[in-house]
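Take a look at the structure set out below.
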Amino acid sequence: MPELPEVETIRTGLQKLLPGRQIASVLRIWQKSLLSSQQDVDGFLCGACITGVRRRAKVLLIDLSTNYTLVIHLKMTGQLVFRSDAQQFGAGHPTASLIGDLPDRSTRVVIKFSDNSNLFFNDQRKFGWMRLLPTTEVQNLDFFKKVGPEPLAADFLAKDFASRLQRRAKSGTKAVLLDQTVVAGIGNIYADESLWAAEIHPSTRVQNLSQPKLKKLFVAVQDVLRQGIAKGGSTDRNYVDSEGNKGSFLEFAKVFRREGLPCPRCGTIIQKIRVAGRGTHICPQCQKELK
DNA sequence: CACTTGACCTGTCCGC
DNA sequence: TGCGGACAGGTCAAGT
């Protein structure tokens, strides 16, 4: 799924494409993919203009001129792809070879704009959701009340990172990195890459990490997230950006999906193990568990 | 309190 | 070629 770098890449793309467009109609192919407290969701969306696109953690926020906001979580397989009218049947368009013409069988919601362009919400596994809320109520969602700080915020410092991790001193480091209430936006890919960069075994309890190790992990987390954004995110299976393009970060990944290949640092064969219920990639030489 | 499991779903891959 | 099972990047609720 989209983690912070993927969602940020989508946000940047949509921010260039959507503001100023007016919603003309909404097609809900799978009802549960678009939720609202309002009975008449379509009526609340139609006629609204998009004013901006924000991100918090792995959540996208599309603000509307009506003071409502579309809150969107892509979960594992969600995609938000914009197509102008001219692209709809353009078999020769570069995006056509990646995800083909839209809608396709994974399309759950289509937002059509007054200029005949479309925003497609595709979601193979139907775990993702879009939700229409008054803008002022977004911050009242349980998720936003509990979610931790943005790891790339200018005022988020190594000491803040360390103290937040240490609230879960007895837990394994990877489980804590994945906990969105500790730090926002880290998922399986960037957790594995950060732990490799910091030379920490994912099962190591936080209480066994020295201060320098915690600092090293903080730097690693920021580095891999920034690199992920710079490469347009990671495409494993489903991820594409707002124009249907894949991200290239995985070409630069050091351990993720590289089991059986040599560690770029020491040459030891990378292993895939299971930690915190998740597939986990490590170099068994560089990342020894500290007891 | 911390961890695991199951649920939400579809698709793909692997072994028989 | 077909079929069963495991697995896939996230989050939440419930159980231990």
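- Under the side chain to side chain contact (heavy atoms under 4.5 Å, CB included) criterion, A/L17 pairs with A/F82, A/S242, A/E243, sequence neighbours left out.
- When heavy atoms are screened at a 4.0 angstrom cut-off, A/G128 is found touching no nucleic acid atom at all.
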Run the side-chain donor-acceptor check on residues 124-135 of chain A: report pairs under 3.5 Å with partners two or more places apart or on a different chain.
residue: A/T135; atom: OG1; partner: A/N67; partner atom: O; Å: 3.0
residue: A/T135; atom: OG1; partner: A/Y68; partner atom: O; Å: 3.4
residue: A/T135; atom: OG1; partner: A/T69; partner atom: OG1; Å: 2.7

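- Cation-pi geometry between A/K246 and A/Y239 is not met: the NZ or CZ atom fails to fall both under 6.0 Å from the ring centre and inside 45° of the normal.
- The same atom, C1', is picked in B/dT5 and in C/dA6; the two are 16 Å apart, to the nearest Å.
- Within the structure, every side-chain polar atom (N or O) of A/R257 is placed at least 4.0 Å from both OP1 and OP2 of C/dC7.
- Residue A/G277 is classed as having no contact, given no heavy-atom separation below 4.0 Å to the nucleic acid.
- DNA chain C is contacted by no residue of residues 160-178 of chain A, taking any non-hydrogen atom closer than 4.0 Å.
- Distance CD (A/E3) to C1' (C/dA8): 13 Å, rounded to an integer number of Å.
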One character per nucleotide, please: for nucleotides 7-14 of chain B, 5' to 3', B when the base has a protein heavy atom closer than 4.0 Å, S when only the sugar-phosphate does, - otherwise. -BBBS---
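- Pairs engaging residues 169-183 of chain A under the salt bridge (charged side-chain N to carboxylate O under 4.0 Å, His left out) rule: A/R168-A/D179, A/K174-A/D192 [sequence neighbours left out].
- Between the C1' atoms of B/dC9 and C/dG2, the separation comes to 23 Å (whole Å).
- As rounded to whole Å, 13 Å separates atom C1' of C/dT11 from atom CZ of A/F144.
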Intra- and inter-strand pairs of DNA chain C in dot-bracket (Watson-Crick or G-U wobble, both distances under 3.5 Å; | for another strand): .|||||||.|||||||
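- Residue-level contact check: A/D142 touches neither bases nor backbone, having no heavy atom under 4.0 Å from any strand.
- Annotation: salt bridge (charged side-chain N to carboxylate O under 4.0 Å, His left out) contacts involving residues 206-218 of chain A, sequence neighbours excluded, comprise A/E199-A/K216.
- The separation between A/W129 atom CH2 and C/dC12 atom C1' is 12 Å, rounded to whole Å.
- For the salt bridge (Lys or Arg N to Asp or Glu O under 4.0 Å) criterion with A/E8, the lone passing option out of A/R54, A/R226, A/R55 is A/R55.
- Between A/L60 atom CG and C/dT11 atom P the separation is 13 Å, expressed in whole Å.
- One finds a salt bridge joining A/E150 and A/R56 here, because a Lys/Arg side-chain nitrogen approaches an Asp/Glu carboxylate oxygen to under 4.0 Å.
- For A/F143, the ring pair (Phe, Tyr, Trp, His ring centres under 6.0 Å) criterion is met by no residue, not counting sequence neighbours.
- Sorted pairs that involve residues 163-185 of chain A and meet ring-ring contact (aromatic ring centres under 6.0 Å, His included), not counting sequence neighbours, are lacking altogether.
- Whole-Å rounding puts the A/D236 CG to C/dC7 P distance at 16 Å.
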For residues 153-160 of chain A, which side-chain donor-acceptor pairs fall under 3.5 Å, sequence neighbours excluded?
residue: A/D160; atom: OD2; partner: A/L157; partner atom: N; Å: 2.8

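- Between A/R205 atom CZ and B/dA2 atom P the separation is 11 Å, expressed in whole Å.
- For residues 8-43 of chain A, the set of pairs meeting the ring-ring contact (aromatic ring centres under 6.0 Å, His included) definition, not counting sequence neighbours, is empty.
- Residue pairs meeting the ring-ring contact (aromatic ring centres under 6.0 Å, His included) criterion with at least one member in residues 169-206 of chain A, sequence neighbours excluded: A/Y190-A/F249.
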